[in-house]
2 protein chains.
Amino acid sequence: MVNKLRQHIIDRLGSTPDNIDDVLATFHTLKLKRNEVILKQGEICKYVYFVASGCLQVFVYDKEMNETTRDIITENNWCSELISFGGQQPATENIRTVEPSDLLAIDRQGFQRLMETVPQFDKVYKQILEASYANSVYRINTFVSLTALERIKWLMEYRPKLMSRLSSKLIASYLGISQETFSRLKGKL
Amino acid sequence: MVNKLRQHIIDRLGSTPDNIDDVLATFHTLKLKRNEVILKQGEICKYVYFVASGCLQVFVYDKEMNETTRDIITENNWCSELISFGGQQPATENIRTVEPSDLLAIDRQGFQRLMETVPQFDKVYKQILEASYANSVYRINTFVSLTALERIKWLMEYRPKLMSRLSSKLIASYLGISQETFSRLKGKL
DNA sequence: GTTTCGTGTTGACAAATGTCAACGTTTCAG
DNA sequence: CTGAAACGTTGACATTTGTCAACACGAAAC
């Protein structure tokens, strides 16, 4: 499990940092079942997670308590509520597992220590931030300019594996449409 | 004009960096009229801009060539297509002035030099990135979970100055609704 | 093995929003 | 100052999407 993170870091940097074992030791491991909540909105987000296996859902509730999903994170990617984690503010989002998942977690203290002592860790953080940002921008632009059907087509092209891996309910929530509309539109392909 | 940037950097860092004049000299100034395009999608984004005065619109076209606005940047804020700028890839977005504007621009070479030689500049960059990311996340979540009317109310509360400063057309495009719907819903307040 | 619950599908209808057209007003270039 | 173009508003109507309800199916719980 830790090896997945080791490999991820090596791939990211294109080289092996000297103190990689120190870096890896700063994380602790978590084995979670399906449907476990690891962050509730209103709480302070205490960790950044690396998803070694499984799948996480980042979502918000609207005023009728419907969930809409901002992001879906699969293995070999990072997940957190960075704004809450970085600014120590209450989280505006919730995170839970949608599959049994293995996570590697790093707390704020460990994170800051690595940021200061391992220059390459700072670099990895910047890469994660940039990737997260790029992802968000992309998502806003698809949301704003595409119809429900176009968004489905977009997902099939851009993240095809999700279509077969996840429940229709979750995909609909990710696309910002109702489950029924999603079911109907699928028929029109 | 340059003084606005100086003050912005000092405010951000909470202190004056030693080589601030070196930093400032790396920027060049631009005076633009209303409606000037400074980035077209497909081009590589060559600069990061600091908006000393005026207002910029970041937008995309859908397949019918309607514009939708991802972001609106007013004075004392940064604007770029960071993904294109950082990765030297074709931009997916367009940027133009919506008011006469004074900009300070830094190119990639200058940017990288400052990143390497001025640690605080790296820090400012990270702050910009974090703020941009936070802003995007916020925007996705409002888009996905709010109705048109709720989005109008949200804008009035969150960025009230924009309502009086910008054209209805632009605001509608920022909220992801048609100009007519916007006009009608305004009446219902 | 049976029950129970969540999921996916479908129908009927309602609500929200978009589109097209018309028209008065404002803005801006010449 | 003046004419053309863009903007804002309103009406009529079309389209998209949501909501509620019913039901079949399969997975998980007992």
Side-chain angles (χ1 to χ4, degrees), chain A residues 32-37 55 57 59-69 72 96-100 140 142-156 162-189, chain B residues 32-37 54-55 57 59-69 72 96-101 140 142-156 162-189:
Chain A
L32 299 175
K33 294 182 202 157
R34 212 176 90 96
N35 261 324
E36 294 204 58
V37 174
C55 184
Q57 173 197 13
F59 64 101
V60 294
Y61 294 103
D62 66 18
K63 62 179 189 299
E64 283 99 19
M65 292 299 280
N66 300 311
E67 336 183 324
T68 46
T69 300
I72 293 170
R96 79 163 150 243
T97 57
V98 297
E99 295 174 1
I140 293 171
T142 57
F143 248 108
V144 172
S145 63
L146 302 183
T147 66
L149 185 58
E150 288 167 336
R151 275 178 260 166
I152 295 174
K153 286 179 182 164
W154 170 81
L155 184 63
M156 286 172 52
L162 294 188
M163 291 289 284
S164 46
R165 179 169 179 175
L166 306 175
S167 72
S168 294
K169 192 185 175 189
L170 180 53
I171 294 174
S173 136
Y174 182 63
L175 295 176
I177 58 184
S178 71
Q179 206 184 138
E180 293 94 331
T181 299
F182 179 61
S183 175
R184 278 183 252 266
L185 290 178
K186 262 192 301 184
K188 295 194 183 168
L189 297 171
Chain B
L32 299 174
K33 294 182 202 155
R34 214 175 88 96
N35 260 323
E36 293 203 59
V37 174
C55 183
Q57 173 196 15
F59 63 102
V60 294
Y61 294 104
D62 67 15
K63 62 178 190 299
E64 283 98 20
M65 292 300 280
N66 300 312
E67 344 184 316
T68 46
T69 301
I72 293 170
R96 79 163 150 244
T97 56
V98 296
E99 294 174 2
S101 304
I140 293 171
T142 57
F143 248 107
V144 172
S145 63
L146 302 183
T147 66
L149 185 58
E150 289 168 335
R151 273 177 262 167
I152 295 174
K153 287 178 183 165
W154 170 83
L155 184 64
M156 286 172 52
L162 293 189
M163 290 289 284
S164 46
R165 179 170 178 174
L166 306 175
S167 73
S168 295
K169 193 188 175 188
L170 180 53
I171 293 175
S173 137
Y174 181 63
L175 295 176
I177 58 184
S178 71
Q179 206 185 139
E180 293 95 331
T181 298
F182 179 62
S183 175
R184 279 183 252 265
L185 291 178
K186 262 191 301 184
K188 295 194 184 168
L189 297 170

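As the structure is a computational prediction, the values presented were derived from the model and not from experiment.
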For the backbone of B:F59 and the side chain of B:T69, can you confirm whether one donor and one acceptor N or O come within less than 3.5 Å of each other?
no

Nearest-angstrom distance from the residue atom CG of B:L185 to C1' of D:dT10:
14 Å

Summarise how protein sits on nucleotides 22-30 of chain D as a single string, 5' to 3': B when a protein heavy atom is under 4.0 Å from the base, S for sugar-phosphate-only contact, - for no contact.
---------

Over how many whole Å does the gap from B:E99 atom CD to C:dC28 atom P extend?
12 Å

Round to the nearest Å and state the distance from A:L149 atom CG to C:dG18 atom P.
17 Å

Expressed as a whole number of angstroms, how long is the span from A:R151:CZ to D:dG18:C1'?
13 Å

Starting from C1' on D:dC20, measure out to CG on A:N66 and report it in whole angstrom.
13 Å

For A:K63, the salt bridge (Lys or Arg N to Asp or Glu O under 4.0 Å) test, sequence neighbours excluded, returns B:E150

Report which part of the nucleic acid A:I177 touches: base, sugar-phosphate, or nothing (heavy-atom distance under 4.0 Å, all strands).
sugar-phosphate

For A:S173 and A:E67, does a side-chain donor sit closer than 3.5 Å to a side-chain acceptor?
no

With A:E36 via salt bridge (Lys or Arg N to Asp or Glu O under 4.0 Å) - residues at least two apart:
none

Only counting residues at least two apart or in another chain, list the ones meeting side chain to side chain contact (heavy atoms under 4.5 Å, CB included) with B:M163.
B:I152, B:L155, B:M156, B:I171, B:F182

Rounded to the nearest angstrom, tell me the gap between atom CD in B:E150 and atom P in C:dT17.
9 Å

Counting primed atoms, P, OP1 and OP2 as sugar-phosphate and everything else as base, the B/S/- map of nucleotides 3-13 of chain C against protein heavy atoms under 4.0 Å is ----SBSBBB-

Interatomic distance where CZ belongs to A:F143 and P belongs to D:dT16 [whole Å]:
19 Å

Got a sec, which residues hit salt bridge (Lys or Arg N to Asp or Glu O under 4.0 Å) with B:E99, two or more places apart in sequence or on another chain?
B:R165

Would you say B:K169 has more than 12 foreign heavy atoms packed within less than 6.0 Å of its NZ?
no

CD1 of B:I152 versus P of D:dG8: gap in Å, rounded?
14 Å

Ignoring hydrogens and angles, tell me if any N or O in the side chain of B:T68 forms a donor-acceptor pair with the backbone of B:G176 under 3.5 Å.
no

Would you name the heavy atoms of A:L146 and A:W154 that are closest together and state the gap between them?
CD1-CB, 4.1 Å

